[in-house]
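Down below is the structure, laid out as structure tokens.
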Amino acid sequence: MLKITIAQLNPTIGDIAGNVAKMVAAAREANTQGAELVVFTELGLTGYYPADLLDEPGFLQRVDAGLDALLQASRELPGLHWVVGAPLRRDGPGKRLHNMLLVLHAGEIVLRYAKQLLPTYNIFDERRHFEPGPDVAKVLRIGDTQVGMMICEDGWNDVAGDYAVNPFERMRDAAPDLVVSINASPSEIGKREQRHQIFGDASRRHRLPILYVNQIGGHDQLVFDGASFATEADGRVVYEAHRFVEDVTTLRFEHGRFLTLAGDTPPPVPAAGLPTMAFYQAQIVLGLTDYARRCGFRQAVVGSSGGIDSALTLALAAQAFGPQNVSAVTMPSHWSSAGSVDDSVTLCRNLGIELFTHPIAALVDGYAAQFERSFGKPLQGLPHENLQARIRGTALMAYSNSFGHLLLTTGNKSEISVGYCTLYGDTNGGLGLIGDLYKTEVFALSRHVNEAAGRELIPTAIIDKPPSAELAPGQKDTDSLPPYEVLDEVLKLLIEGDRLAPRERAQSAAFVAQLQRSDEGRALVERVRRMIARNEYKRRQAPPIIRVRPRAFGSGRQMPIAAHIP
């Protein structure tokens with residue numbers, strides 16, 4: 001029998017001393033429960049992913065100091081083995097570092113394993129800093145159990161064929177009793193179920209029980225959901241840790257089975273995870289909470305237009321910060337409807353958020369008059385519309401600078417995709433909460449927020465009104481864009497394509513195929529494609545957005561700006 005503690009922690013990138021403190025506390029808890037093995041996550045010492053911090057002067061020396069502190073702590077707990085992830089130097093040609101798994105015991109490093117498969121796609125860029133490890137399996141006997149060690153991507157190539165090497169083949173030949181995989185697997189819709197399928201299939205194929213330990217936390221665009229799990233040799237997922245929270249739990253591994261510390265069978269693990277909208281809400285709130293905490297913000301401000309995007313952003317911010325720490329600012333212009341201002345008042349009353357009023361009509365008039373005096377041409381049409389958005393953006397940044405609030409942008413994925421936003425206006429801010437949600441998903445999540453709260457937080461009047469930027473008389477989004485029910489299906493296929501879940505991809509592909517049966521439909525798809533390409537320069541200058549889908553704007557979609565658009 002082997003008692004194993006899963007240390008599903010929330011490390012902060014670069015905070016090595018803080019991460020060490022978390023790890024030592026978890027190890028001490030494991031020791032009090034009689035564990036012989038405590039398992040931390042991939043690059044848990046530095047947080048994942050440290051990126052070019054790895055090149056900063058003194059960073060690796062701090063890594064060394066952190067590892068020394070862990071070794072010293074392990075001397076004080078001689079009955080416990082520690083599985084730790086850290087970047088370590090290497091000799092020879094190639095990159096100067098390995099992404100390492102180390103096993104510490106009684107002040108010594110008793111096993112070293114270098115990650116073999118280094119992901120360099122989508123949001124990953126590990127080959128930038130690390131050299132792949134050798135094609136070997138590493139196994140360590142702890143008590144009467146042979147434990148094999150792997151790191152994250154090493155387990156994802158069993159049938160995929162994305163790499164020439166399959167670490168599971170060597171692991172199967174080594175014939176351990178148990179495989180421990182340490183991970184930093186970012187969360188997205190469907191990712192939990194994908195992990196279960198891939199590692200469950202590998203367990204069954206190779207007759208190897210697997211313990212999969214994952215980190216949690218928000219780190220810039222990425223959110224890690226934890227959801228560590230265990231599979232037995234028949235491929236069944238028999239244990240799952242909590243999702244979106246830290247979880248330090250001790251299990252027993254006995255005769256190929258995972259049991260609770262008391263020796264009972266763990267509760268059944270549901271095949272399906274959270275419903276889509278509940279997942280989006282949990283992911284965004286954790287992403288915002290950690291982003292603000294790590295950047296030193298305790299309060300947030302949002303421009304409240306009376307529309308659905310700002311309403312949802314305010315509701316999510318209120319959940320993350322507490323309503324007493326969120327400010328809303330309504331900035332009516334000549335074209336703002338009375339209903340929009342009234343809807344902002346009702347929304348903020350429902351949420352318990354303070355609403356400030358900052359009219360911009362006089363500012364717009366003054367700016368436009370001075371522009372004509374200076375340049376001899378009146379401001380009209382699109383430049384005049386964008387001026388209103390930029391004045392609002394300037395006012396919100398002034399509020400942020402004056403009061404220390406984090407300004408949250410309110411753009412959704414549909415609008416960001418086609419450039420239906422104003423650079424240096426509504427794109428101003430430090431973080432976008434809903435920038436990876438299509439507009440139709442914004443409506444769905446708003447309804448879910450109300451349902452989850454059991455009352456109307458976001459007024460029905462906001463959810464039901466036709467979307468409008470209100471920058472010109474009688475303006476509606478559909479004056480410039482196809483209906484969102486049409487646009488979103490086209491965008492999904494053009495932006496995410498094969499990365500969509502099979503069912504969602506089939507739906508979007510069928511929808512677009514139907515459109516392309518007519519000249520008008522083909523022209524619409526082509527227009528959207530060109531709008532996406534033309535507006536890359538706007539997205540490049542926009543704030544980071546919290547990623548919830550397989551392909552988000554930012555590091556997961558790297559497109560040139562100055563490129564020929566056929």
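Residue indices begin at 1 and follow the sequence shown. Given the structure is predicted, the values throughout are model-derived calculations rather than measurements. Quick note: numbers below take in every heavy atom, side chains included, and nothing from hydrogens, waters or symmetry partners.
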Show the numbers, then the answer: is there a side chain to side chain contact (heavy atoms under 4.5 Å, CB included) between D436 and I546?
-> CA-CA 7 Å; D436 203 24; I546 294 175; over 6 Å; no
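- Ring geometry for F258 against F253 counts as tilted: the plane angle lies between 30° and 60°, on a 0 to 90° scale.
- Put simply, the residue from L316, L408, T313 that forms a side-chain contact (heavy atoms from CB on, under 4.5 Å) with L288 is L408.
- Other residues, nucleotides and ligands contribute more than 12 heavy atoms inside 6.0 Å of the CZ atom of R141.
- A 4.5 Å side-chain heavy-atom check between M150 and M171 finds at least one atom pair inside the cut-off.
- Rounding to the nearest 0.5 Å places CZ of R204 at 11.0 Å from CD1 of I210.
- In this structure, the side chains of Y438 and L491 come closer than 4.5 Å at one or more pairs of heavy atoms.
- Nearest heavy-atom pair across E254 and L259 is OE1-CD1, 3.8 Å.
- Between T276 and I189, the closest side-chain pair of non-hydrogen atoms falls below 4.5 Å.
- Side-chain N/O atoms of E36 and H81 include no donor and acceptor closer than 3.5 Å.
- In the model, N99 has a side-chain atom that pairs as donor or acceptor with a side-chain atom of E126 under 3.5 Å.
- By the 6.0 Å contact criterion, CZ on R540 is enclosed, its count of non-hydrogen atoms from other residues, nucleotides or ligands being greater than 12.
- For R557, the CZ atom counts as densely surrounded, since its 6.0 Å shell holds more than 12 non-hydrogen atoms of other residues, nucleotides or ligands.
- Counting heavy atoms from C-beta on, the side chains of Q215 and Y48 come closer than 4.5 Å.
- Closest approach of N122 to P550, counting heavy atoms only: ND2-O, 3.0 Å.
- Between L178 and P176, every side-chain heavy-atom pair lies at or beyond the 4.5 Å cut-off.
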Passes side-chain hydrogen bond (donor to acceptor under 3.5 Å, both in side chains), D154 versus Y163? Steps please.
-> CA-CA 10 Å; D154 291 342; Y163 303 86; over 6 Å; no
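- A salt bridge is defined here as a Lys NZ or Arg NE, NH1 or NH2 lying under 4.0 Å from an Asp or Glu carboxylate O, and D225 with R192 fails to meet this definition.
- Within 6.0 Å of CZ in R112 there are 12 or fewer heavy atoms belonging to other residues, nucleotides or ligands.
- Note that CG of L286 and CG of N10 are 6.5 Å apart. Values are rounded to the nearest 0.5 Å.
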Derivation and outcome, salt bridge (Lys or Arg N to Asp or Glu O under 4.0 Å), residues R205 and D158 = CA-CA 9 Å; R205 188 175 298 111; D158 196 34; 2.3 Å; yes
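- To the nearest 0.5 Å, atoms CZ (R257) and CG (D234) are separated by 10.0 Å.
- Closest approach of C152 to S181, counting heavy atoms only: N-OG, 3.7 Å.
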Does the pair D15 and K22 meet the rule for a salt bridge (Lys or Arg N to Asp or Glu O under 4.0 Å), with working shown?
-> CA-CA 11 Å; D15 183 12; K22 278 181 172 286; over 6 Å; no
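- A distance of 6.0 Å separates CZ in R539 from OG in S417, rounded to the nearest 0.5 Å.
- Residues E153 and Q116 have side chains that never bring a donor and an acceptor to within less than 3.5 angstrom of each other.
- Between the side chains of E42 and Y49, no donor-acceptor pair is found at a separation under 3.5 Å.
- V20 pairs with exactly one of L67, L45, D68 by the side-chain contact (heavy atoms from CB on, under 4.5 Å) rule, that one being L45.
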After noting the C-alpha distance and the side-chain angles of I284 and V548, does the key distance pass the side chain to side chain contact (heavy atoms under 4.5 Å, CB included) rule?
-> CA-CA 8 Å; I284 291 170; V548 298; 4.0 Å; yes
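- Residues T5 and T250 bring a donor and an acceptor atom of their side chains to less than 3.5 Å of each other.
- Judged purely by distance below 3.5 Å, without hydrogens or angles, the side chains of N183 and S185 never pair a donor atom with an acceptor atom.
- Side chains of R62 and T46: a donor-acceptor N/O pair is absent below 3.5 angstrom, by distance only.
- Here the side chains of V238 and R236 are in contact, with some heavy-atom distance below 4.5 Å.
- A 4.5 Å side-chain heavy-atom check between L261 and L251 finds every atom pair outside the cut-off.
- Residues R549 and Y280 have side chains that bring a donor and an acceptor to within less than 3.5 angstrom of each other.
- Salt bridge E451/R447: absent, no basic N to carboxylate O contact under 4.0 Å.
- Centroid-to-centroid, the aromatic rings of H196 and F229 come within less than 6.0 Å.
- Taken from CG in N214 to CD in Q8, the straight-line distance is 6.5 Å, to the nearest 0.5 Å.
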In sequence, state the C-alpha distance, the side-chain angles, and the governing distance for D135 and R170, and then conclude on salt bridge (Lys or Arg N to Asp or Glu O under 4.0 Å).
-> CA-CA 8 Å; D135 181 14; R170 294 288 179 270; 3.1 Å; yes
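- Looking only at atom types and distance, the side chain of N325 has no donor-acceptor partner in the side chain of H405 under 3.5 Å away.
- To the nearest 0.5 Å, the span separating CD on Q281 from CG on L312 amounts to 8.5 Å.
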Steps toward side chain to side chain contact (heavy atoms under 4.5 Å, CB included) verdict (I109, L71) | CA-CA 8 Å; I109 298 175; L71 285 166; 4.0 Å; yes
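- For E188 against Q283, the heavy-atom pair with the smallest separation is N-NE2, 4.3 Å.
- Counting all heavy atoms, side chain and backbone alike, P543 lies closest to G429 at CG-O, 3.3 Å.
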R96/E131 under salt bridge (Lys or Arg N to Asp or Glu O under 4.0 Å): CA gap, chis, key distance, verdict | CA-CA 7 Å; R96 64 181 181 137; E131 191 69 16; over 6 Å; no
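- Residues Y121 and P119 share a closest heavy-atom pair of CE2-CB, 3.5 Å.
- When each of V83, V84, V103, L101 is tested with V39 by the rule side-chain contact (heavy atoms from CB on, under 4.5 Å), just one qualifies, namely V83.
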Derivation of the side chain to side chain contact (heavy atoms under 4.5 Å, CB included) call for I6 and Y239 | CA-CA 11 Å; I6 297 166; Y239 167 80; 3.5 Å; yes
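- Counting heavy atoms of neighbouring residues, nucleotides and ligands inside a 6.0 Å radius, atom CZ of R294 exceeds 12 of them.
- Exactly one residue among R547, K413, R505, R551 makes a salt bridge (Lys or Arg N to Asp or Glu O under 4.0 Å) with E496. That residue is K413.
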